[in-house]
Visitor: 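Before I ask anything, let me first share the structure, which is written out below as structure tokens.
What you see below is based on every heavy atom in this structure, not just the backbone, and it leaves out hydrogens, waters and symmetry mates. Order of appearance sets the numbers: ligands from 1, and atoms from 1 within every ligand. Note that this is a predicted model, so its numbers are computed, not measured.
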Amino acid sequence: MITASCHCGAVRMEIDAEAPETVLSCGCSICRRKGGLWTYYEPRQVKIIPESGATSIYLWGDKMLEHHTCKTCGCTTHWSPVDKTYPRMGVNARMMEPEILAAATVRHSPGPTE
Ligand SMILES: [Zn+2]
């Protein structure tokens, strides 16, 4: 299991997975500004603590993804699908321990052009 946390600790995540081998630096208009490094999981693998209330949610574009940011310290912690049947979500690997991030290979994706 991997654990992750925002800077202030108000948002924590317990991830039922091994340390990621690769993380994705997405170049889309939101991710390049947030500077997130994404790892992808099925939502059932990720326990968000607390489940709700500690993050603010940003929706943009086709409004399919909720971008979650800690209300207290401002870290972007994860994104989750608006459609809860969608089997994929993203965790910002920058919330993981530095050794985990240092061991992962960063891949770059240009992302959508908008
Ligand atoms: Zn925080």
Visitor: When you measure from the side chain of E66 to the backbone of V82, do you find a donor-acceptor pair of N or O atoms at a distance under 3.5 Å?
Guide: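 Answer holds: no.
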Visitor: Between I2 and A17, what is the shortest heavy-atom contact and its length?
Guide: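 Heavy atoms of I2 and A17 come nearest at CG1-O, 3.3 Å.
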Visitor: Would a distance-only check, ignoring hydrogens and angles, find a side-chain to backbone donor-acceptor pair under 3.5 Å from N92 to L37?
Guide: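 Checked: pair present.
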Visitor: Within C8, is some N, O or S atom less than 2.8 Å away from the Zn ion (ligand 1)?
Guide: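 Under 2.8 Å: C8 contacts the Zn ion (ligand 1) through an N, O or S atom.
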Visitor: To the nearest 10°, how many degrees is the angle C73 SG to the Zn ion (ligand 1) to C70 SG?
Guide: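 Output for this angle: 110°, rounded to tens.
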Visitor: Any N/O/S atom of H7 sitting less than 2.8 Å from the Zn ion (ligand 1), backbone or side chain?
Guide: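 Given the 2.8 Å cut-off, H7 does not count as a ligand of the Zn ion (ligand 1).
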Visitor: Are any side-chain N or O atoms of S56 and backbone N or O atoms of K71, one a donor and one an acceptor, separated by less than 3.5 Å?
Guide: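 Checking the backbone N and O of K71 against the side chain of S56, no donor-acceptor pair under 3.5 Å is found.
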